[in-house]
Amino acid sequence: MLETDKVFAGSIPENYDRYMVPLIFEAFAADLAQRAASLAPGAVLEIAAGTGVVTRALAPKLSPDARYVVTDLNQPMIDYAASRQAPDNRIEWRQADALALPFEDATFDLVCCQFGTMFFPDRPSAYREAKRVLKPKGHFLFSVWDRIEENVFADDVTHALAEIFPNHPPRFLARTPHGYHDRELIRAELEDAGFSHVVIETRAEQSRASSPRLPAVAYCQGTVLRNEIEAREAGSLEAATDYVASAIAAKHGSSDVAAKIQAHVIMAVA
């Protein structure tokens, strides 16, 4: 992972929430929220919360006296998430690094994270931090994307951009969001951090959009892939987005489009 892969700023948070969230995140967020709520946690920490899609799904399911701390490394993402959330005095918004959580030991019943651990530069350290802030027998619940070949639109986008920039293809999607999918590695890193009873479930969903341009805009302008495209050639973002949209249309049709997305959902006990 490159250092720039972690920087979600500028217009990315808004585009991410407008395009990426309905395209690939909402279904998994609803599932993760249901799993989290079934544990009846009194104190929840969400790390790498992004623009708050899980927060919006989970908060209504928590008890009235629950404590819910929502964090992200990027302040612009937290600011945007807070702006989308209905007023709720149970929620505390914090900028925080998952590798150095600013919380006391044994504070939370549940630590949850949707599609964030792939961005951690040192996952074993992040896992040890998650375990440190969990109460004994607390739960760590998170999800990661499966390999890019199992996530069709992301794969389509990556191949299309390689055609435009053959000498230096943008590889953000394969490198980082889809770069941490080895189930045995995930299990081993969690166990090395002190977790037990690791359960990993692979779950497929459908990514749907009303036009092929929507996934093109989502990936090219609503993720850090935008920075890679602009670094290749100044002013190329719109042309690259158009090319990706045409490639998706050629493969999936020119109106409503749908394709497989797949992730691993992981539960571990502190």
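Any value given below was found using the heavy atoms of this structure, including those in side chains, with hydrogens, waters and symmetry copies removed. The structure presented is a predicted model; accordingly, all values stated were derived computationally and were not measured.
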**Prompt:** Going hydrophobic residue to hydrophobic residue with side-chain gaps under 4.5 angstrom, can you get from V44 over to V269?
**Reply:** no

**Asked** If only atom types and distance count, is the side chain of S207 paired as donor or acceptor with the main-chain N or O of L23 below 3.5 Å?
**Response** yes

**Prompt:** Hey, is the main chain of Q75 close enough, under 3.5 Å, to the side chain of Q95 for a donor-acceptor pair?
**Reply:** no

**Message:** Quick one: does any side-chain atom of N74 pair with a main-chain N or O of M77 as donor and acceptor, under 3.5 Å?
**Reply:** no

**Request:** Write down the atom of P41, the atom of A66, and the distance for their closest heavy-atom approach.
**Result:** O-CB, 4.3 Å

**Fill in**
Distance col, row R35:CZ vs L32:CG, nearest 0.5 angstrom, shows 7.5 Å

**Ring centers of Y219, F153 separated by less than 6.0 Å** = no

**Prompt:** Would you say the side chain of P102 lies within less than 4.5 Å of the side chain of R94, judging by non-hydrogen atoms?
**Reply:** yes

**Asked** For A49, does its backbone N or O pair with a side-chain atom of D72 as donor and acceptor, under 3.5 Å?
**Response** yes

**Asked** Would F172 and N227 satisfy side-chain contact (heavy atoms from CB on, under 4.5 Å), going step by step from the backbone distance to the final call?
**Response** CA-CA 10 Å; F172 165 72; N227 300 338; over 6 Å; no

**Prompt:** Does D97 use its side chain to pair, donor to acceptor, with the backbone of L73 at less than 3.5 Å?
**Reply:** no

**Item:** Verdict with reasoning, T241 to Q221, per side-chain hydrogen bond (donor to acceptor under 3.5 Å, both in side chains)
**Value:** CA-CA 8 Å; T241 304; Q221 300 186 23; 3.1 Å; yes

**Message:** Less than 4.5 Å apart, side chain to side chain, heavy atoms only: is that true for R232 and L237?
**Reply:** no

**Message:** My understanding is that only one of E150, Q262, H181, R183 makes a side-chain hydrogen bond (donor to acceptor under 3.5 Å, both in side chains) with T202; could you say which?
**Reply:** R183

**Complete:** CD (E201) and CD1 (I266) are apart, to the nearest 0.5 Å, by 10.0 Å

**Prompt:** So do E184 and I186 actually touch side chain to side chain, heavy atoms under 4.5 Å?
**Reply:** no

**Asked** What are the two closest non-hydrogen atoms of P212 and G253, and how far apart are they?
**Response** CG-O, 3.6 Å

**Prompt:** ring pair (Phe, Tyr, Trp, His ring centres under 6.0 Å) between Y127 and F142: does it pass, once the steps are laid out?
**Reply:** CA-CA 11 Å; Y127 293 162; F142 67 100; 5.7 Å; yes

**Asked** Looking only at atom types and distance, does a side-chain atom of R132 sit under 3.5 Å from a main-chain N or O of F103, one as donor and one as acceptor?
**Response** yes

**Asked** Quick one: does R213's side chain get under 4.5 Å of D242's, heavy atoms only?
**Response** yes

**Asked** Side chains of E46 and T55: do they bring a donor and an acceptor to under 3.5 Å?
**Response** yes

**Residues D79, R84: salt bridge by 4.0 Å N-O rule** = no

**Item:** For G42 against D109, the heavy-atom pair lying closest together
**Value:** N-OD2, 2.9 Å

**Fill in**
Test side-chain contact (heavy atoms from CB on, under 4.5 Å), reference L173, set N151, V224, L161, T158, output is T158

**Lys/Arg-Asp/Glu bridge criterion (N-O < 4.0 Å) met for R208, D256** = no

**Item:** Value rounded to 0.5 Å, distance of CG in L190 from CZ in F195
**Value:** 6.5 Å

**Prompt:** Does the pair I229 and S236 meet the rule for a side-chain contact (heavy atoms from CB on, under 4.5 Å), with working shown?
**Reply:** CA-CA 7 Å; I229 294 170; S236 63; 3.7 Å; yes

**Asked** Are the ring centres of Y243 and F165 closer than 6.0 Å?
**Response** no

**Asked** With the 4.5 Å side-chain cut-off for hydrophobic clustering, are L110 and V199 part of the same group?
**Response** no

**Request:** Can you see which heavy atom on A263 is nearest to which on W145, and at what distance?
**Result:** CB-CE3, 3.9 Å

**Item:** Derivation of the side-chain contact (heavy atoms from CB on, under 4.5 Å) call for D146 and H178
**Value:** CA-CA 6 Å; D146 202 350; H178 298 281; over 6 Å; no

**Message:** Is the shortest side-chain heavy-atom distance between P121 and L99 below 4.5 Å?
**Reply:** yes

**Request:** Any chance you could pull the hydrophobic cluster mates of V217, using side-chain heavy atoms under 4.5 angstrom and chaining through other members?
**Result:** Y19, L214

**Message:** Taking R128 first and then E189, would you say they form a salt bridge - that is, a charged N and a carboxylate O separated by under 4.0 Å?
**Reply:** no

**Asked** What's the verdict on salt bridge (charged side-chain N to carboxylate O under 4.0 Å, His left out) for R203 and E205, showing C-alpha distance, side-chain angles and the deciding distance?
**Response** CA-CA 7 Å; R203 182 181 180 88; E205 294 281 358; 3.0 Å; yes

**Prompt:** Between atom CD of Q114 and atom CD1 of I47, what is the distance when rounded to the nearest 0.5 Å?
**Reply:** 12.5 Å

**Message:** Nearest 0.5 angstrom please: M118 CE to T176 OG1, how far?
**Reply:** 8.5 Å

**Fill in**
Closest non-hydrogen contact found for P60 with A57 is CD-O, 3.6 Å

**Message:** With salt bridge (charged side-chain N to carboxylate O under 4.0 Å, His left out) as the criterion, how do R175 and E228 come out once you've worked through the C-alpha distance, each side chain's angles and the decisive distance to 0.1 Å?
**Reply:** CA-CA 12 Å; R175 180 178 62 245; E228 275 199 306; 3.3 Å; yes

**Prompt:** Closest approach of A268 and V198, non-hydrogen atoms and distance?
**Reply:** CB-CG2, 4.0 Å

**Asked** Are the charged groups of R90 and D65 less than 4.0 angstrom apart, N to O?
**Response** no

**Prompt:** Stepwise, does the salt bridge (charged side-chain N to carboxylate O under 4.0 Å, His left out) test hold for D155 with K251?
**Reply:** CA-CA 12 Å; D155 201 34; K251 183 176 178 181; 5.9 Å; no

**Message:** Membership question, hydrophobic clusters at under 4.5 Å side-chain separation (ILVMFWY): are V152 and V144 in the same one?
**Reply:** no

**Asked** Using the benzene-type ring in the case of Trp, are the ring centres of F115 and F28 under 6.0 Å apart?
**Response** yes

**Request:** For side-chain contact (heavy atoms from CB on, under 4.5 Å), just list the numbers for V133 and F140, CA-CA rounded to whole Å, side-chain angles, deciding distance to a tenth of an Å, and then say yes or no.
**Result:** CA-CA 10 Å; V133 302; F140 184 24; over 6 Å; no

**Asked** Atom CD1 of I91 and atom CH2 of W93: how far apart are they, to the nearest 0.5 Å?
**Response** 5.0 Å

**Request:** Inspect the contact between E104 and K135 and indicate whether a charged nitrogen and a carboxylate oxygen are less than 4.0 angstrom apart.
**Result:** no

**Message:** Test your reading of the model: is there a side-chain donor-acceptor pair from R56 to the backbone of Q85, 3.5 Å cut-off?
**Reply:** no

